[in-house]
Amino acid sequence: MQFTAFHDYEKAFKDFATTAYFLTMAQDPATTSVPSSSTGNLLAAVSAALAAVGDKEVFAIGGKIPVTGDTNPIVVRWDSPAMPSLGRKVTFPVPTDEQTAFDQLCRDCEPAAFGIGEKEVFDEEYRKAGKMDESRFCSSFDPSADGVVDTIAQALLHGARQNQIARGVKAQLYKLNVSSPCLPHARFKAHVDTPRAGNHMGSLVVCLPYSHRGGELVVRHGRRETTFDWSGEDANAVRWAAFFSDCEHEVLEVTQGHRVTLTYNLYSAYGPALMGHHFSALELETLHFFRALQELLDAPDIKSRGATLGFTCTHAYPHTSNSSVKDLAHCLKGLDMVVYQSLLALAQSARVTAVLHDARDEEDLPFEYEITYPSSDEGEDHTMELAAEEEAAQPEYTSQAILNNRTFPEPAGPFRDHDFYNHHILDPRRIVNFEVQPEDGRMVTKNAYVRRPVTWLNHAPDEQTPKELAIAFIAYGNDPGLGAWYSAAAITAEIMPRELAQPSASS
Ligand SMILES: O=C(O)CCC(=O)C(=O)O
Ligand SMILES: [Fe+2]
């Protein structure tokens with residue numbers, strides 16, 4: 001492509017996003033064709049079904065786990081009033097010689113009650129089923145072992161937008177229900193489960209293998225409805241369903257056989273991918289590098305001069321947008337997470353941020369770096385100037401452009417470099433954010449990336465470090481060109497010079 005004038009270049013740059021979109025579409029002929037009206041209706045139905053309702057993208061999910069009587073039967077043990085001093089036991093799938101024990105289990109269930117306000121009420125119209133409280137029985141079924149709890153966390157909890165801190169799920173056994181036409185209590189009318197605690201997020205129903213007809217579990221959210229029909233299933237599978245606690249649900253009449261379910265209360269909990277501030281279970285002192293890091297931070301030189309410590313992340317993370325960098329600390333993995341935790345503990349400050357991979361162009365960049373340490377109360381900045389020669393005399397330093405305040409620049413168009421003498425490269429120091437001063441509404445420009453000397457705990461971002469495109473720019477002059485800066489995710493911690501150091505909040 002030839003560019004005859006600068007504005008051609010700029011236009012091509014602006015069209016880039018749209019072009020990329022069409023290129024993607026063109027790879028798949030199905031997506032480029034114009035839908036016929038009936039396909040259009042079908043597409044509208046899919047789009048409507050995929051749209052989030054309220055704060056939920058998914059409200060109920062379910063699955064099937066194979067079980068066999070030979071290899072992994074489920075054992076239920078319970079206290080029977082008929083034999084107070086002896087525990088009883090039955091296995092699922094129920095073998096012929098345990099049928100009597102199963103019948104006893106059904107007889108030992110109490111009529112199910114439901115809550116009105118603070119009271120438990122027995123109303124046959126509302127709930128017709130037998131139940132046994134968790135204090136009277138236990139079961140060998142473990143929802144965590146078969147991936148059910150992880151699936152609930154990943155597909156159900158992550159599909160709710162209100163809860164950004166909890167990413168894990170805890171399932172607590174609640175009761176056993178038996179529904180059968182031969183029991184006086186055979187159905188659960190539509191209801192919403194009583195919330196058990198502030199973090200009670202939903203219910204898990206596990207249907208044990210026992211043949212039955214009817215007994216569909218219908219779960220509703222808004223005007224949506226999902227039916228879990230476990231009737232007539234072969235006896236070699238456990239079926240399960242999980243749904244949010246604000247979902248209305250009912251169990252339709254069981255017309256044949258016995259429908260036996262275990263119900264669990266689901267609680268949201270801290271979990272993987274959102275644990276940045278919840279590592280209390282970890283004893284940092286046991287980490288193999290902790291002592292060495294502690295000694296470094298205690299070194300007189302670091303204490304007196306202060307330092308920006310850097311650790312180039314060893315895993316790849318999405319880190320080039322404001323939305324992704326915000327919660328990045330919670331998503332760290334492996335060494336990255338434990339280094340972050342150690343810096344939080346030892347330096348009382350650590351953040352995950354973006355660092356431009358610009359060290360290779362060092363000689364092109366202006367030589368003088370400002371290190372700005374915000375003072376904690378007056379809001380006034382203390383600035384230290386470090387000349388390039390002085391920095392060069394510090395072998396552990398590499399100067400690096402670090403994302404300032406975790407706010408990415410949002411250019412309305414491409415950045416243009418107007419520096420006539422240095423047109424082939426955009427100086428990262430000229431990449432700015434525009435901010436409105438809250439006091440007087442004045443518009444001020446703030447450097448998006450601050451260039452400062454970094455003491456790298458491992459190494460500065462290098463060729464092996466995963467990177468993302470951070471900034472694209474047009475450099476023009478005799479020979480216009482597109483340039484780009486790439487960035488890497490890094491953990492940084494600020495150690496204040498001794499005279500400025502005071503306890504500060506971690507970030
Ligand atoms: O057993 C079931 O399928 C659901 C039972 C239920 O909704 C309840 O116990 O609250
Ligand atoms: Fe329920």
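Atoms within a ligand are numbered from 1 in the order they appear, just like the ligands themselves.
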Worked verdict on Phe92 versus Phe141 for ring pair (Phe, Tyr, Trp, His ring centres under 6.0 Å): CA-CA 10 Å; Phe92 291 84; Phe141 179 76; over 10 Å; no
Ion pair check, Glu250 and Lys189, cut-off under 4.0 Å: no
Under 4.0 Å from a heavy atom of [X]: give me the atoms of ligand 1 that qualify, with their elements.
| X | value |
| --- | --- |
| Val251 | 2 (C), 3 (O), 4 (C) |
| Asp193 | 10 (O) |
| Arg259 | 1 (O), 2 (C), 3 (O) |
| Asn177 | 1 (O), 5 (C), 9 (O) |
| Thr261 | 1 (O), 2 (C) |
| Lys175 | 8 (C), 9 (O) |

His249, any N or O under 3.5 Å of ligand 1 N or O: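 Right, the criterion is met.
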Shortest-distance N, O or S atom of Asp193 relative to the Fe ion (ligand 2):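 Among the N, O or S atoms of Asp193, the one closest to the Fe ion (ligand 2) is OD1.
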His249: its N/O/S atom lying closest to the Fe ion (ligand 2) (atom name):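 Restricting His249 to its N, O and S atoms, the minimum distance to the Fe ion (ligand 2) goes to NE2.
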contact_flag His191 ligand 1 heavy-atom lt 4.0 Å: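 Yes; His191 lies near enough to ligand 1 that a heavy-atom distance drops under 4.0 Å.
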Would you say [Y] and [X] are linked by a side-chain donor-acceptor pair, where the criterion is simply a distance under 3.5 Å?
| X | Y | result |
| --- | --- | --- |
| Ser231 | Asp229 | yes |
| Asp336 | Thr314 | yes |
| Asn41 | Ser38 | no |

Least distance between heavy atoms, Leu204 atom then Pro143 atom: CD2-CB, 3.9 Å
Met443 and Phe434, any side-chain heavy atoms less than 4.5 Å apart: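 Yes; the side chains approach each other to less than 4.5 Å.
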